[in-house]
Amino acid sequence: MPDSSIVILVGGEAGQGLVTIGQLMAKALVRAGYEVVVSQDYQSRIRGGHNTFVIRTGLDVFHAPCDKVDILVALNAETVARHKGQLTPSGLVVADVDIDTTGLNALRVPFRTLAPKVVQDNVVALGVLGQTLCKDIGLLEQLLREQFAKKGQEVIDQNLAVLRAAYAWVKTQDHGFACLPSAPAYPAERLMLTGNEAIALGALAAGCNFCSFYPMTPGSSVALTLAEHAKFMGTVVEQAEDEIAAANMAIGAASAGGRALVPTAGGGFALMCEAVSLAGMLETPVVFVVAMRPGPATGLPTRTEQADLNLVLHAGHGEFPRAVFAPGSIAECFSLTHRAFAMAEKYQSPVFILTDQYLADSLQNAGPFNTDGLPEIPGPLLEPANPATYKRFALTADGISPRVIPGFSTALVVSDSDEHTEDGKLTEDLAVRVQMVDKRLAKGQGLAAEAVPPSLFGEEGPNGSKDVDLLLVCWGSTLGAALEARERLAEQGRSAAVLHFGQVWPLVEGQFLPRLTAAKRTVCVEGNATGQLARLIRQETGFRFRGQVLRYDGLPITAAYILRGLESIL
Amino acid sequence: MVTAEDYGTFDTAWCPGCGNHSLLAAMKQALSGLGLAPHQVLMVTGIGQAAKAPLYMNCNMLTGLHGRSLPAATGARLANPELTIIAESGDGCNYGEGGNHFLAAIRRNVDLTLVAHDNGIYGLTKGQASPTTGKGQVTKAQPFGQPSEPFNPVAVAVAMGAGFVARGFTGEPEHLAGLIQQAFRHKGFSLVDVFQPCVTFNHVNTFAWYKQRCYKLGPEHDPRSRDQALAKALEFGERIPIGVLYANDRPAFGADLPTLKLGPLALRQPDFEALRGVMRSYL
Ligand SMILES: Cc1ncc(C[n+]2csc(CCOP(=O)(O)OP(=O)(O)O)c2C)c(N)n1
Ligand SMILES: [Mg+2]
């Protein structure tokens with residue numbers, strides 16, 4: 001199926017309200033029954049700079065970013081200059097009459113006539129967009145009522161008047177842009193949310209009741225979402241004095257009975273590494289969300305990358321088990337976060353969710369998320385069978401010792417970051433040391449046995465993906481782009497399959513190696529410069545990819561990018 | 001009835017004559033004196049000789065990372081409003097590696113007690129200067145004398161308006177036990193900085209050195225007066241006051257936080273009804 005999506009790019013300076021326009025339009029489209037995928041590209045500043053909010057929509061849309069633009073809503077001249085090259089042949093520019101759009105198919109909007117106040121410019125832009133796409137004004141009216149509900153009827157009425165004026169004005173214009181096909185009936189409960197919001201909801205569904213964090217883009221919005229809902233959910237959300245404190249607080253909270261989440265970005269996570277090791281040693285369940293952005297150091301603070309896989313895999317000194325999830329969609333942000341908590345609780349280990357700026361900030365339609373079908377996550381014990389003889393680190397076959405929360409029985413819960421005996425006290429008995437290492441690592445086998453297998457998309461021949469010419473392997477947020485690339489290849493008569501890792505550790509060879517070896521060609525697609533997953537797979541299995549498509553310019557991987565990359569490999 | 005014996009007696013890895021022994025005894029006395037049983041107490045420590053204290057008494061124990069006892073204790077407190085939570089560690093742990101957490105703990109005013117074993121040295125790592133080592137003091141790591149000004153934890157705490165600031169001396173164990181008890185009774189963050197002579201590595205601030213200088217604050221000192229408290233906190237030389245330097249009634253962290261009023265986190269169940277409501281806000 002050829003790409004039928006319509007891409008609307010709203011561009012301008014920070015502070016011009018482009019996010020408001022984009023969000024309202026995106027929400028209207030979701031409510032009208034369309035698929036919506038938003039990519040946000042912004043600079044690390046509060047005002048000024050060049051920022052874009054890109055909505056990809058339609059009836060049948062890959063949930064992936066893309067490079068083309070069908071409607072360019074330019075809030076300043078720079079947006080036209082930067083993005084006119086991306087316009088499709090039938091593309092349309094929406095810009096103020098004062099902005100030069102010579103040679104372009106443009107709707108030159110008399111903003112100052114349509115809106116009495118500059119602050120209402122975004123409502124004008126919204127109205128122009130709505131009418132251009134032939135969308136019922138009622139949807140946008142309803143959204144404006146919700147948006148301005150707190151400001152009172154007068155403000156609502158003023159904005160509705162501006163919206164109607166914009167609709168009326170577009171009707172007098174001849175722009176030739178085709179209406180969006182009308183949407184079929186859709187499930188009423190469709191949500192629109194970002195990857196990070198879905199992670200927060202997944203955490204809440206898993207019973208997360210504690211979050212400590214130190215602000216860092218693009219991780220913060222997980223904590224902010226939990227804080228926003230704390231008055232309904234009771235979640236304790238504390239902004240720590242630094243990341244080291246955030247991680248150690250979570251360990252303290254989890255040890256005392258909380259279910260803890262720590263969201264951060266790569267740089268912040270680097271500061272948490274010692275605490276990760278502590279969680280491994282104290283066998284404390286803590287879920288870390290690491291939202292990746294380009295490094296090293298401060299890197300490109302507001303752009304995207306997938307370059308912290310190595311960091312998360314190896315974070316923390318010493319050897320202890322862990323699991324690392326890498327959701328590929330909004331739905332997986334929800335479901336794999338729930339899974340992360342289940343694994344952390346069961347195996348009393350640090351567990352990680354790797355996401356990135358693209359997915360973290362990408363608003364999409366998703367859900368509804370069903371909470372009834374989720375498995376219950378058993379918590380720790382309040383009282384052991386025999387409090388007098390309780391041993392926090394009792395040796396067991398699977399390495400899992402009953403975890404008791406102090407203060408609810410007469411049992412004493414003793415845990416030491418030094419190597420310890422079964423009863424949790426420091427020891428230098430080297431035989432015990434060996435037993436304890438083995439015990440901790442035994443949990444890694446359980447984590448491997450429960451690892452979520454990678455998902456295969458594409459015709460499955462008798463030997464896995466044997467019959468396809470090409471197997472694209474990816475992890476995390478690149479799933480949508482890989483699936484779209486597969487479709488584009490099919491249109492060219494080339495068969496391809498996609499293997500997506502939603503869990504990147506532990507890697508269980510049997511789950512994927514036969515597929516890799518059966519494929520004629522394998523290409524690993526990653527948002528980093530060194531091919532971290534490819535290297536990990538090679539390290540674990542000896543398998544070498546035929547080629548790699550890597551992106552590290554700070555932008556998300558798109559299907560077009562993958563296709564360009566494949567040209568030089570295949 | 002709880003007695004100090006309930007807290008047990010253990011062999012320690014501390015040097016004979018170390019101030020830690022009497023601090024440990026004072027701790028057990030303070031806890032049992034308040035009728036607190038071992039299972040009601042969680043001691044959170046960092047790393048150092050001081051941080052080994054809970055190994056030598058019956059109680060719940062979380063020995064974490066060097067410098068990080070305060071954030072771990074804070075997390076535990078936020079998770080459980082009912083335990084008696086003690087953060088205990090050395091001067092290096094609290095004022096050096098964990099300095100930012102010390103400041104944050106005072107500001108946050110979470111209800112827990114910090115007992116800092118202040119021996120003016122890094123004991124466990126064999127005698128380097130700590131933040132409270134005097135200027136000019138020679139150590140193996142500072143052969144030309146410790147070049148920086150020492151940190152004054154009690155003055156900083158008073159200046160920041162901490163709710164309870166006391167200084168004790170292991171040479172006055174009864175007095176010290178009393179200070180620790182008052183700290184436990186205080187609602188909010190309380191600091192007990194304890195002079196704890198290190199017999200092996202600190203040959204300046206010896207038992208005799210402190211014995212000569214320490215004097216107990218009498219009734220003429222008004223711990224509610226910040227000016228008086230600051231003056232006493234800064235008095236460190238020929239004479240050094242011990243006792244409650246400063247106290248106020250700042251409300252403890254969370255007194256007004258709805259999320260903390262719902263009780264211990266361990267007793268909460270996921271509220272799916274509320275979650276469905278939250279999800280509807282994304283429609
Ligand atoms: C991250 C880290 N850095 C350094 C150390 C080494 N270390 C252990 S204890 C200590 C200093 C202890 O001094 P203090 O806190 O005053 O305790 P004391 O031994 O004097 O009681 C140091 C530097 C460590 N364990 N962890
Ligand atoms: Mg010390």
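By convention in this document, chain letters (A, B, ...) are assigned in the order of the sequence lines, proteins followed by strands, and residues within each chain are numbered from 1.
- Looking at every heavy atom in both residues, Gly234(A) comes nearest to Arg268(B) through O-NH1, 2.7 Å.
- No part of Thr84(B) comes within reach of chain A, as not one of its non-hydrogen atoms sits under 4.5 angstrom from that chain.
- Using a 4.5 Å cut-off between heavy atoms, Ile47(B) touches chain A through its side chain atoms alone.
- Contact of Ala274(B) with chain A is made through backbone and side chain together, with heavy-atom distances under 4.5 Å.
- Rounding to the nearest 0.5 angstrom, the gap separating the OH atom in Tyr282(B) from the OG1 atom in Thr225(A) is 4.5 Å.
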**OP:** Please report the C-alpha distance between Glu228(A) and Ser281(B) in whole Å, then the side-chain angles of each, then the deciding distance to 0.1 Å, and finally whether the side chain to side chain contact (heavy atoms under 4.5 Å, CB included) criterion is met.
**Re:** CA-CA 11 Å; Glu228(A) 182 189 347; Ser281(B) 67; 5.5 Å; no

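- Here the closest heavy-atom approach between residue Ala266(B) and residue Ile405(A) is recorded as CB-CG2, 4.2 Å.
- Of the atoms belonging to Leu65(B), heavy atoms from both backbone and side chain fall under 4.5 Å from chain A.
- Of all non-hydrogen atoms in Leu83(B) and Gly407(A), the two that sit nearest each other are CD2-CA, 3.6 Å.
- With salt bridges taken as basic N to acidic carboxylate O contacts below 4.0 Å, one links Glu238(A) and Arg108(B).
- In terms of non-hydrogen atom pairs under 4.5 Å with chain B, the most contact-rich of Pro406(A), Gly207(A), Gly258(A) is Pro406(A).
- Residue Arg276(B) touches chain A through its side chain alone, counting heavy-atom pairs closer than 4.5 Å.
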Subject >> Candidate pair Arg68(B) and Leu278(A), rule side chain to side chain contact (heavy atoms under 4.5 Å, CB included), full reasoning >> reply: CA-CA 11 Å; Arg68(B) 317 302 169 197; Leu278(A) 178 65; over 6 Å; no

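- Proximity to chain A (any heavy atom under 4.5 Å) is shown, for Leu283(B), by both the backbone and the side chain.
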**OP:** Quick one: do Leu267(B) and Leu382(A) satisfy side chain to side chain contact (heavy atoms under 4.5 Å, CB included)? Show the steps, please.
**Re:** CA-CA 9 Å; Leu267(B) 302 182; Leu382(A) 295 179; 3.5 Å; yes

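- Looking at Pro264(B), the atoms closer than 4.5 Å to chain A (heavy atoms on both sides) all sit in the side chain, from C-beta outward.
- For Leu70(B), no part sits under 4.5 Å from any heavy atom of chain A, backbone or side chain.
- Residues Asp416(A) and Lys52(B) are not paired through a salt bridge, judged by the lack of any N-O separation under 4.0 Å between the basic side chain and the carboxylate.
- In Tyr214(A), the OH atom is not crowded: 12 or fewer heavy atoms of neighbouring residues, nucleotides or ligands sit closer than 6.0 Å.
- In this structure Phe408(A) satisfies the ring pair (Phe, Tyr, Trp, His ring centres under 6.0 Å) test with no other residue, sequence neighbours excluded.
- A 4.5 Å side-chain heavy-atom check between Leu62(B) and Leu282(A) finds at least one atom pair inside the cut-off.
- Using a 4.5 Å heavy-atom threshold, the side chains of Met279(B) and Leu193(A) count as separate.
- Shortest non-hydrogen contact noted between Leu426(A) and Leu55(B) is N-CD2, 3.7 Å.
- Closest approach of Ser417(A) and Gly64(B) over heavy atoms only: OG-O, 2.6 Å.
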Original post:
Going through the distances and angles, do Met233(A) and Leu275(B) end up as a side chain to side chain contact (heavy atoms under 4.5 Å, CB included)?
Top reply: CA-CA 7 Å; Met233(A) 300 303 301; Leu275(B) 179 57; 3.9 Å; yes

